[in-house]
Structures are given as C-alpha cells and as structure tokens.
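Shown next, in structure tokens, is the structure this report addresses.
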Number of protein chains: 2
Amino acid sequence: MNTLAEENYLKAIYKLSLTARNVSTNQIAAELATKASSVTDMVRKLADKALVNYARYQGVSLTKTGEKVALNIVRRHRLWEHFLVEKLHFKWHEVHEMAEEMEHISSTELINRLDAFMGYPTRDPHGDPIPDCDGNIKASALKPISIVKANTSGVISGVGDHTTSFLQYLEQQKLTIGKRVTIKEIIGYDNTVILEMDNKQLQISREVANNILIAI
Amino acid sequence: MNTLAEENYLKAIYKLSLTARNVSTNQIAAELATKASSVTDMVRKLADKALVNYARYQGVSLTKTGEKVALNIVRRHRLWEHFLVEKLHFKWHEVHEMAEEMEHISSTELINRLDAFMGYPTRDPHGDPIPDCDGNIKASALKPISIVKANTSGVISGVGDHTTSFLQYLEQQKLTIGKRVTIKEIIGYDNTVILEMDNKQLQISREVANNILIAI
DNA sequence: TTATTTTTTTAGACTTGCCTAAAATTATAA
DNA sequence: TTATAATTTTAGGCAAGTCTAAAAAAATAA
Ligand SMILES: [Mn+2]
Ligand SMILES: [Mn+2]
Ligand SMILES: [Mn+2]
Ligand SMILES: [Mn+2]
C-alpha cells in the first residue's frame with residue numbers, strides 16, 4: 001500500500017500535528033533528519049495519494065484517510081513496544097529503535113492477534129495511548145509536573161521526552177509510570193521542583209519536570 | 001548492514017545452494033520473481049561485499065561470511081514463523097508471507113530474546129531446522145514418502161513444498177508434523193501411495209508423497 | 001565441427017528517495 | 001514601506017534496484 005518512507009512521513013506529520021494545525025516543511029525535515037527539499041517532494045506524493053492537504057508555502061495537514069493510516073502506524077509501533085517490554089523484558093529505553101522497524105510489518109491480522117495476545121493494552125511502555133483497530137485513541141489529559149501547583153499529588157502517566165538518556169535517568173530515580181508523586185515546592189530561583197515519592201523527598205530540574213506527565 | 005534486497009538475494013542463494021554447488025543467474029531470478037539482468041547486477045554488488053563468489057557466466061556460491069549472513073536471515077524467518085504459530089495461533093500455511101517481512105528486523109538481541117521466550121525451539125512450523133545464534137543448523141536426514149519401501153513406518157517431520165495450497169491440503173488430511181504413518185503399498189501404475197495413519201488407510205498421489213518428508 | 005538454441009551479460013532507461021545549490025516566496029525589521 | 005532574513009520550492013543530479021532489448025558466451029544439435 002504505502003512505502004516505508006511514506007509511512008515514516010505520515011507518522012512524523014501526525015506527531016507534529018498534535019501541537020500545530022499546519023505542519024511546516026522544515027519541521028518535518030527536522031523530525032525525520034532529512035532536508036526540506038526532500039520533504040517538498042514527498043509531501044507532493046502524499047498529496048497526490050490524498051493522504052495530506054498541501055498547497056505550496058502553506059504547510060501540510062493530514063486528510064481523514066492520512067490520519068487513519070498514521071494512527072495505524074502509531075498503533076503498530078506502540079503495540080510492538082509493549083510486546084518488547086512485557087514479553088521480552090526489554091527496558092523502556094531500549095525499545096523505540098526496534099519498534100521503528102517493526103511498525104512497518106504490514107499484516108493487520110498480525111497486529112490484531114498481537115493485541116489480543118497481550119490482553120488489549122491501552123498504553124505503551126512510555127504511557128502513550130494505543131489506538132484501537134479502528135483508529136480510536138484516548139487523548140490523555142496529562143500535565144507536566146512543572147505546571148502544577150504545590151501540594152498537588154498525581155500519578156506519573158507519561159513522558160514528554162523519549163530519548164534513551166532521559167528514560168534511563170528516570171528509571172534510575174525510580175520515576176516510572178504508575179508511581180504516585182506529590183509536588184511539594186517549586187523553587188522560584190531556577191524552577192527546581194521538590195517532590196515526595198515513597199515517603200522520600202527528591203529534587204528534579206525544571207527541564208525534567210517539564211517532561212514528566214502526571215494524571216491528577 | 002545489508003539492504004532488504006541484498007538479504008533476500010542471500011537467502012535465495014542459500015536455499016538454491018542446498019541442491020546445487022553453483023547457483024545460476026536464472027535460478028535466482030526464478031526464485032525471486034525478478035529478471036536475470038537484475039540478478040547479474042546484484043550478484044556483482046554482493047561479490048564486491050565479499051558475500052558471494054562470482055565469475056561471469058560461472059554462477060554464484062556463498063562465501064563463509066555470506067553463508068553466515070544467510071543463516072541468520074533463515075534463523076529470523078523460522079523463529080518468527082514459530083512465534084506466529086505457537087503464540088499467535090496462526091495456521092502453518094498462513095505465516096510465511098508475514099515472516100518474509102519480519103525476517104528483516106535487524107536486532108540480534110531481539111531475536112535472541114524471542115528465541116528464549118519460546119524455549120529455544122529447534123524446528124519451525126514446517127519442520128525446518130532453526131539455526132542457533134552462531135549459525136549452526138542440524139541437517140535433518142529426512143526422506144520423501146515416495147522413496148521409502150512398503151511396510152516402513154515413520155514420523156512426518158517436514159514438507160518439501162511450502163505453498164499455501166499444499167499445506168492446507170495436508171492439514172485437511174491431518175497429515176501434519178509429528179504424525180506417525182506407515183507406507184503400506186506403492187501402486188506401480190501411477191505411484192499412488194497407500195498409507196496407514198491413526199489406524200485408518202488413506203491414499204496420496206506420487207506428487208504429494210514426494211513432498212511429505214518423514215524420519216524413520 | 002559448424003550451426004542453432006539457450007543462458008548470461010551489457011547497454012540504456014526508469015522510479016523512488018535523497019541531496020546541493022539557486023530561485024522564489026513569505027516573514028521580519030528598519 | 002522598503003530592505004533584509006528566513007523559509008520553501010525548483011532545478012539538476014546521484015545511488016539503489018528494477019526493467020527491456022541487444023550483444024556475447026556457452027551449451028546443444030546437426
Ligand atoms: Mn517509540
Ligand atoms: Mn512510545
Ligand atoms: Mn517460510
Ligand atoms: Mn518454514
């Protein structure tokens with residue numbers, strides 16, 4: 001149906017569309033580590049296939065069809081990540097690169113059986129919601145720790161940064177999905193956040209607090 | 001390391017090498033449903049990478065390195081087939097196409113964990129041996145039913161034809177891996193074989209008998 | 001052994017996806 | 001509002017992998 005390159009572009013456009021209605025050529029190029037001119041070429045092809053809306057110099061958005069395709073790729077990516085962590089016991093920072101390859105395995109039946117095999121998980125190892133087989137996805141109302149008020153308590157439910165180094169740091173600090181934390185104080189000077197977790201206190205930087213998402 | 005196309009060529013050459021020392025351009029073209037001229041191009045590239053021995057008009061053979069790479073692809077293919085049947089409950093005739101894609105997932109650690117997850121299986125759903133992580137593979141001494149003498153008994157342990165239609169036919173007849181059969185008689189006229197299995201008699205054609213492999 | 005057929009390689013071309021450099025357009029600043 | 005800067009597109013090109021048609025080599029037949 002769609003080539004590997006096309007799938008990667010659609011997923012990138014989907015991701016960028018979460019924080020912008022119209023995605024720019026340069027944003028896509030940065031996301032995919034490619035050049036703006038390559039993006040222009042590909043976006044034209046995707047527009048010909050009616051997967052994106054595109055007018056030159058105006059940026060790109062997914063069509064309804066394009067969004068469905070993108071959600072399907074996201075579904076595959078996240079289900080494979082879940083499999084790698086839950087069944088093959090990889091750590092949450094180890095799975096993304098493998099899932100980048102596995103998300104392109106095309107069989108729908110395969111992915112639906114994988115879903116069933118794992119008991120229809122709703123979230124991937126990083127807390128991101130897994131779209132169902134019809135492309136429905138739960139928009140989770142999570143907040144970065146950095147913006148909640150002092151004395152608020154919540155459960156770590158997602159991360160805003162998926163890099164290996166960040167995930168490894170969180171794991172080392174035991175700041176993992178499902179942990180309950182209470183924001184005790186935000187220091188005015190540099191926005192350092194003082195947390196309480198497991199009856200112990202710990203401090204995290206503004207940068208880290210920005211990338212830990214909690215459900216209140 | 002190697003591209004998807006290169007991997008497919010190496011696997012094809014490996015397969016053809018099981019029944020010929022030097023594989024011809026046309027044989028590879030037929031196996032991969034491509035043209036002889038394309039094969040010549042690719043075989044040159046593989047020779048440059050020291051994965052095959054090649055001299056024009058002389059055919060192709062795998063180098064030691066090339067064989068190791070090929071065995072690794074075969075390992076991945078067969079482990080994924082085993083996963084699809086044993087964990088996701090696909091039928092043995094449904095898994096080959098999916099495994100054709102999955103065999104190209106590159107992580108060695110992934111495949112080793114998958115191997116462990118399934119308890120280090122030694123054979124794929126079609127009875128073919130699975131190479132271990134060092135590329136060691138057991139050459140199985142199986143015989144087609146068509147060449148054994150009357151009153152021989154053996155266990156179905158492999159198939160010589162992996163097409164969907166053949167596998168479906170075998171399943172319908174309950175002629176599956178692990179079943180014990182006794183060859184009662186081979187009719188001289190058209191080489192029809194009369195078998196006994198589960199205390200019942202059944203007849204199979206010479207063609208079918210040729211493609212059922214038994215261990216005696 | 002020479003002629004014919006088959007196999008394999010070469011030549012030239014096409015598509016996909018990518019690149020650099022230059023031109024066009026849009027955004028920002030003076 | 002005009003000049004400058006940033007973004008985006010166009011133009012031209014390259015590598016991988018494929019194809020068709022023609023040439024070369026090898027195998028087979030007369
Ligand atoms: Mn991921
Ligand atoms: Mn994820
Ligand atoms: Mn197979
Ligand atoms: Mn098999």
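Chain letters run A, B, ... following the sequence lines, proteins first, then strands; residues in each count from 1.
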Exercise for the section: Answer yes if the side chains of H77(A) and H96(A) hold a donor-acceptor pair under 3.5 Å, and no otherwise. Expected result: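 The answer is yes; a qualifying pair exists.
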Calculate the interatomic distance between [X] atom [atom1] and [N] atom [atom2]; express it in whole Å.
{"X": "D41(A)", "N": "dG13(D)", "atom1": "CG", "atom2": "C1'", "answer": "12 Å"}
{"X": "N22(A)", "N": "dT8(D)", "atom1": "CG", "atom2": "C1'", "answer": "14 Å"}
{"X": "K35(B)", "N": "dT15(C)", "atom1": "NZ", "atom2": "C1'", "answer": "16 Å"}
{"X": "M42(A)", "N": "dT9(D)", "atom1": "CE", "atom2": "P", "answer": "15 Å"}

Problem - Residue R206(B) excluded, over 12 heavy atoms near CZ under 6.0 Å - result: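 Not buried by this count: 12 neighbours or fewer within 6.0 Å.
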Problem - Presence of S38(A) side-chain N/O under 4.0 Å of dC19(C) phosphate oxygens OP1/OP2 - result: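 Answer yes for this pair, as a side-chain N or O of S38(A) is under 4.0 Å from OP1 or OP2.
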Handout entry: Sole residue of D134(B), D132(B), D128(B), D115(B) in salt bridge (charged side-chain N to carboxylate O under 4.0 Å, His left out) with R75(B)
Key =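 Of the listed residues D134(B), D132(B), D128(B), D115(B), the salt bridge (charged side-chain N to carboxylate O under 4.0 Å, His left out) partner of R75(B) is D115(B).
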Practice task
On the 0 to 90° scale, with breaks at 30° and 60°, tag the F117(B)-F83(B) ring pair as parallel, tilted or perpendicular.
Solution key: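 Ring orientation of F117(B) relative to F83(B): tilted.
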Check: protein-nucleotides 7-9 of chain C nitrogen or oxygen pairs below 3.5 Å:
from	atom 1	to	atom 2	distance (Å)
dT8(C)	OP2	N26(B)	N	3.1
dT8(C)	OP2	N26(B)	ND2	3.2
dT9(C)	OP1	Y54(B)	OH	2.4
dT9(C)	OP1	Y57(B)	N	2.9
dT9(C)	OP2	T25(B)	OG1	2.9
dT9(C)	OP2	T40(B)	OG1	2.8

Practice task
Go through residues 4-12 of chain A and report each residue with a non-hydrogen atom lying under 4.0 Å from DNA chain C, sorted by number.
Solution key: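 Hits under 4.0 Å, by residue number: A5(A), Y9(A).
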Practice task
Considering non-hydrogen atoms only, spot the tightest contact between I177(A) and S157(A) and give its length.
Solution key: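 Nearest heavy atoms, I177(A) then S157(A): CD1-C, 3.7 Å.
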Ionic contact status for [Y] with [X], cut-off 4.0 Å:
{"X": "E103(A)", "Y": "R78(A)", "value": "no"}
{"X": "E7(B)", "Y": "R76(B)", "value": "yes"}
{"X": "E100(B)", "Y": "K11(B)", "value": "yes"}

